[in-house]
Every structure is written in structure tokens, then in C-alpha cells.
Colleague: 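Here it is, the structure, as C-alpha cells.
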Amino acid sequence: WRAPNGRVDPQRMLDAFETTLGGAEHLAQGDFLIETLVSVAQKTLVEDSARRALQHDIFSADEMETALEILIKKDRHLPDPGRMLEGELASSLDYSQYVFGPIEPNREPTLNPARAAYISEIVPDPPPTEEQIASADPHRTVETFINHYETLGDMMRRGYPEVRPEDI
């Protein structure tokens with residue numbers, strides 16, 4: 001955050017705060033957990049830079065007031081943790097639809113072995129066994145994903161120290 005001469009232009013820093021916090025605000029509205037995490041990282045970077053600027057007397061009194069106004073104006077609470085997982089659940093349901101489709105004429109979803117084999121190649125280790133794939137039930141799969149993300153969202157709402165990494 002420092003300029004080559006050891007001092008940063010306060011107005012450029014204020015502009016960077018505004019721009020970065022605006023981007024963080026935009027990302028925080030996303031449906032995926034990664035967007036929220038990047039938003040938090042961007043906000044943390046700005047807050048750290050603001051503290052360092054204060055330590056190094058970068059801002060005049062008026063500029064310090066402007067910096068505080070920017071930080072206050074762009075300060076937002078994190079969204080509900082369950083909402084942060086909506087994109088993850090949607091992706092899981094999309095994979096389920098892919099693996100259990102296309103729907104047969106009787107309108108019941110059925111396992112598509114070629115698609116299941118393709119997905120099993122890209123999932124984390126260990127991939128499902130052929131027996132697990134063959135016994136997969138579309139309705140149970142969807143219920144499992146929904147229950148998983150509801151449980152995970154509830155754990156995230158309660159947070160640390162009540163919920164520990166090993167609980168997840």
C-alpha cells in the first residue's frame with residue numbers, strides 16, 4: 001500500500017477504499033460461499049490498510065474523516081450463513097438432475113450410467129463404487145443434499161466455539 005517514496009497519496013488510498021469496498025459489497029450479494037469469503041477478505045484488506053495509514057499519519061484530519069465515512073457507509077453485516085450455501089445446494093441439485101436424467105417417458109428420474117460414471121471421475125476421493133452408483137435413488141439423493149446444507153447452514157449460524165471443525 002505504500003508508494004515508492006514511502007508515502008501514498010491519501011486521495012488515491014481513499015479512492016481505493018471506496019472501489020474495493022464497493023466490489024466487496026457486490027460479491028457479498030452472490031449465492032456461493034466463495035463470493036462471501038472473497039468479500040470478507042477484501043474488507044479485511046481495506047481495514048488493515050486503513051489501520052496502517054493511521055499508524056503512518058497518511059491522512060489529514062479531513063481525510064481521516066472521509067476514510068471513516070467510507071468505512072461506515074460500506075459496512076454491512078454478513079448474510080445469513082444458510083443463504084451463503086444456496087449456490088452450493090443449487091449446484092448439488094444440478095449435478096443430481098444431470099446424473100438422474102433425462103427423465104424417462106414415465107416422468108420418473110432414472111440413473112444415467114454414463115453421466116454417473118463421468119461425475120464419479122471428478123468428485124473428490126474416494127469416488128463412489130459401482131454398487132453405490134447402481135443403488136442411488138434420485139429422491140433420496142436430493143433429500144440428502146437438502147438435509148446436508150440445512151444442517152451445515154444451522155451449524156454455521158451457531159458458529160465457533162459451539163461448533164468445532166470436527167463437528168462439520
Side-chain angles (χ1 to χ4, degrees), residues 1 16-55 67-68 70-104 107-168:
W1 64 274
F17 288 176
E18 184 92 38
T19 301
T20 304
L21 290 173
E25 192 170 34
H26 175 74
L27 278 171
Q29 296 172 22
D31 293 323
F32 289 90
L33 181 58
I34 189 65
E35 293 168 309
T36 303
L37 296 175
V38 170
S39 171
V40 169
Q42 287 180 320
K43 288 179 181 183
T44 301
L45 178 65
V46 169
E47 291 166 1
D48 184 57
S49 293
R51 281 190 290 277
R52 288 176 185 262
L54 289 173
Q55 288 175 329
L68 184 58
I70 291 170
L71 294 171
I72 290 171
K73 180 175 78 173
K74 299 288 185 174
D75 188 27
R76 301 281 187 274
H77 292 289
L78 287 175
D80 173 68
R83 187 194 166 316
M84 286 188 251
L85 297 172
E86 287 176 354
E88 317 318 322
L89 173 58
S91 292
S92 298
L93 296 177
D94 282 346
Y95 277 118
S96 299
Q97 186 175 17
Y98 176 78
V99 169
F100 291 104
I103 296 175
E104 296 295 323
R107 309 288 296 158
E108 282 297 314
T110 57
L111 181 69
N112 183 318
R115 290 180 178 180
Y118 173 73
I119 293 296
S120 70
E121 291 176 12
I122 62 173
V123 297
D125 290 330
T129 65
E130 288 183 25
E131 295 80 28
Q132 289 171 318
I133 291 173
S135 67
D137 173 77
H139 301 290
R140 192 175 71 237
T141 299
V142 168
E143 287 176 23
T144 299
F145 277 127
I146 291 171
N147 290 336
H148 169 75
Y149 285 107
E150 285 177 352
T151 300
L152 183 57
D154 181 57
M155 293 172 113
M156 289 174 66
R157 280 182 201 96
R158 291 190 328 244
Y160 183 85
E162 185 179 336
V163 176
R164 303 288 180 146
E166 57 270 13
D167 298 330
I168 295 173

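The analysis underlying the following values was restricted to heavy atoms, covering all of them including side chains, and did not include hydrogens, waters or symmetry mates.
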Colleague: Using a 3.5 Å distance criterion without hydrogens, assess whether the side chain of S39 forms a donor-acceptor pair with backbone atoms of E35.
Modeller: no
Colleague: Hey, does Q42 have a side-chain heavy atom less than 4.5 Å from the side chain of V46?
Modeller: no
Colleague: State, yes or no, whether a side-chain contact exists between L21 and D75 at a heavy-atom distance under 4.5 Å.
Modeller: no
Colleague: Could you tell me whether a side-chain N or O of T20 sits under 3.5 Å from a main-chain N or O of F17, the two making a donor and an acceptor?
Modeller: no
Colleague: For residues T144 and R140, determine if any side-chain heavy atom of one lies less than 4.5 Å from a side-chain heavy atom of the other.
Modeller: yes
Colleague: Any chance you could measure N112, atom CG, to Y118, atom OH, to the nearest 0.5 Å?
Modeller: 13.0 Å
Colleague: How close do F32 and G87 get, counting heavy atoms only, and between which atoms?
Modeller: CE2-O, 3.1 Å
Colleague: Nearest 0.5 Å please: distance from the CG atom of D137 over to the OG1 atom of T110.
Modeller: 11.5 Å
Colleague: Nearest 0.5 Å please: distance from the CG atom of L71 over to the NZ atom of K73.
Modeller: 10.5 Å
Colleague: With distance as the sole test, does R83 use its side chain to make a donor-acceptor pair with the main-chain N or O of G153 at under 3.5 Å?
Modeller: no
Colleague: State, with a plain yes or no, whether a side-chain heavy atom of N147 is found less than 4.5 Å away from one of E150.
Modeller: yes
Colleague: Calculate, to the nearest 0.5 Å, the distance between atoms CZ and CD belonging to R157 and E162 respectively.
Modeller: 13.0 Å
Colleague: Can you confirm whether Y98 is buried at OH, in the sense that more than 12 heavy atoms of other residues, nucleotides or ligands lie under 6.0 Å from that atom?
Modeller: yes
Colleague: Take a 6.0 Å sphere around OH of Y95 and say whether it holds more than 12 heavy atoms from other residues, nucleotides or ligands.
Modeller: no
Colleague: Quick check: does any side chain N or O of E18 sit under 3.5 Å from a backbone N or O of I70, one acting as donor and the other as acceptor?
Modeller: no
Colleague: Return yes if some donor-acceptor pair links the side-chain N/O of R76 with the main-chain N/O of E25 below 3.5 Å, else return no.
Modeller: no
Colleague: Do M156 and L85 touch side chain to side chain, with heavy atoms closer than 4.5 Å?
Modeller: yes
Colleague: Heavy atoms only: give me the nearest S120-A117 pair and the separation to one decimal.
Modeller: OG-O, 2.8 Å
Colleague: Give me the atom names and distance for the closest heavy-atom approach of T36 to A28.
Modeller: OG1-O, 4.4 Å
Colleague: A quick test of your reading: do over 12 heavy atoms of other residues, nucleotides or ligands sit less than 6.0 Å from NE2 of H139?
Modeller: yes
Colleague: Taking C-beta and beyond as the side chain, do D167 and R158 meet within less than 4.5 Å on heavy atoms?
Modeller: no
